[in-house]
Protein chains: 2
Amino acid sequence: MTRTKNDLFLPDEMRLSEFAKALAHPARIAILKMLAEKNSCICGEIVDELPLAQATVSQHLKELKNVGLIKGEIDGPKVCYCLNTDGIAELRGLWANLEQKVTAKICC
Amino acid sequence: MTRTKNDLFLPDEMRLSEFAKALAHPARIAILKMLAEKNSCICGEIVDELPLAQATVSQHLKELKNVGLIKGEIDGPKVCYCLNTDGIAELRGLWANLEQKVTAKICC
DNA sequence: TAATTTTATCGTAAAATTACGATAAACGAT
DNA sequence: ATCGTTTATCGTAATTTTACGATAAAATTA
């Protein structure tokens, strides 16, 4: 598959770069780890554990949600956040595909 | 100044977020794929295949090099770029660690 | 109903990213 | 030495990201 200068980037490249952008901040990685390790999803707990203001954490949660890595479920006045299995599986597949290509290659 | 309290995150979270930032643009993913698939590393070829100006591609190459995912070796007037096995291995490890945590978790 | 708790959104400012033309620097070839 | 080729860097503009206080919105509680 040759790509000329007029072509856009491939859909998989676009999608993986979106996921990467979502992981491109340590706070968002920390959030994913919290959701995975503690299995507790209340927004307030996440805010309490991060060295960031509530508004900032809310923004990070929104980005993770928009890209499909987490879900938010309203639970009374609170919001329960959790990992989005489908999005994570998609990311795993896209990365595995690239990882397989870039692993064990020798050039210079 | 918008202060970044990045020192309050864990080193692994910081490092993985740096790698993610490097992958957070489709052009840089495309570059890694090119280096892996074609095993040809001349900067000019990369410029020719991407829908971006030479200066912009050079900037992307610099970012990939700075984070440790590729290396550049001067070859006469040209530069031969190639994957950096060590950096890629480090990324694989960091991601595998997070992937293991976030996989197969159920919450909401 | 009013007050409280919880979270999202708005407004805004600083910083970083992305992009490109122009130019410099390095090298081989003439 | 000069020329053409190749790549990096500079300068700069537009856009995006990050951050936070203030405030709105939604649900619970008194």
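Chain letters run A, B, ... following the sequence lines, proteins first and then strands; every chain starts at 1. Just so you know, these numbers come straight off a predicted model, no measurement behind them.
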From dG28(C), dA19(C), dC20(C), nucleotide with atom closest to A53(B) side chain: dC20(C)

Rounded distance in Å - NZ (K62(B)) to C1' (dA16(C)): 14 Å

Whether H25(A) and F9(B) hold their rings parallel, tilted or perpendicular, with breakpoints at 30° and 60°: perpendicular

Length of the line joining E18(B):CD and dT17(D):C1', which is rounded to integer Å: 16 Å

Length of the line joining L61(A):CG and dT6(C):C1', which is rounded to integer Å: 13 Å

Donor-acceptor contact below 3.5 Å, side chain R28(A) vs main chain H60(A): no

Touch class at under 4.0 angstrom, heavy-atom based, for Q54(A) against every strand present: base

OP1 or OP2 of dA19(D) under 4.0 Å from side-chain N/O of H25(A): yes

Spacing between N66(B) atom CG and dA16(C) atom C1', to the nearest angstrom: 15 Å

Residue A55(B), side-chain atoms from C-beta onward, closest of dT7(D), dA22(C), dT18(D): dA22(C)

Main-chain N/O of E99(A) paired to T103(A) side chain as donor or acceptor, under 3.5 Å: yes

Among dA19(C), dG21(C), dA8(C), the nucleotide that comes nearest once only the side chain of T56(B) is considered: dA19(C)

Shortest side-chain distance from L52(B), nucleotide among dA19(C), dT7(D), dA19(D): dA19(C)

Single hit among N84(B), L83(B), L69(B) for side-chain contact (heavy atoms from CB on, under 4.5 Å) with L64(B): L69(B)

Secondary-structure stems for DNA chain D, with pairs counted as Watson-Crick or G-U when both distances are under 3.5 Å and runs at least 3 long: C:1-30 with D:1-30

Side chain of Q59(A) (C-beta onward), nearest among dT28(D), dA8(D), dA19(D): dA19(D)

S58(A) side-chain proximity, nearest of dC20(C), dA19(D), dT9(C): dT9(C)

From CA spacing to verdict: side-chain contact (heavy atoms from CB on, under 4.5 Å), Y81(B), E73(B): CA-CA 6 Å; Y81(B) 278 100; E73(B) 190 173 89; over 6 Å; no

d(CG, L23(A); C1', dT18(D)) in whole Å: 17 Å

Whichever of D75(A) and A24(A) has its nearest DNA chain D nucleotide further upstream toward 5': A24(A)

Whole-Å distance separating the CZ atom of F9(A) from the P atom of dA19(C): 7 Å

By side chain to side chain donor-acceptor pair (under 3.5 Å) - contacts of N66(B) (at least two apart): none

Within 6.0 Å of NZ in K78(A), more than 12 heavy atoms from elsewhere: no

Among dT7(D), dA27(D), dC20(D), the nucleotide that comes nearest once only the side chain of K78(B) is considered: dT7(D)

Selection from dT7(C), dT28(D), dA8(D) that lies nearest to any side-chain heavy atom of Y81(B): dA8(D)

Over all atoms of both residues, closest heavy-atom pair of I29(A) and L23(A): CD1-O, 3.3 Å

Closest nucleotide among dT17(D), dT18(C), dA19(D) to the E63(B) side chain: dT18(C)

Integer-rounded Å distance: dA8(C) P and I46(A) CD1: 9 Å

From dT9(D), dT17(C), dA27(D), nucleotide with atom closest to K21(B) side chain: dT17(C)

Spacing of I70(A) atom CD1 relative to dT7(C) atom P, expressed in whole Å: 13 Å

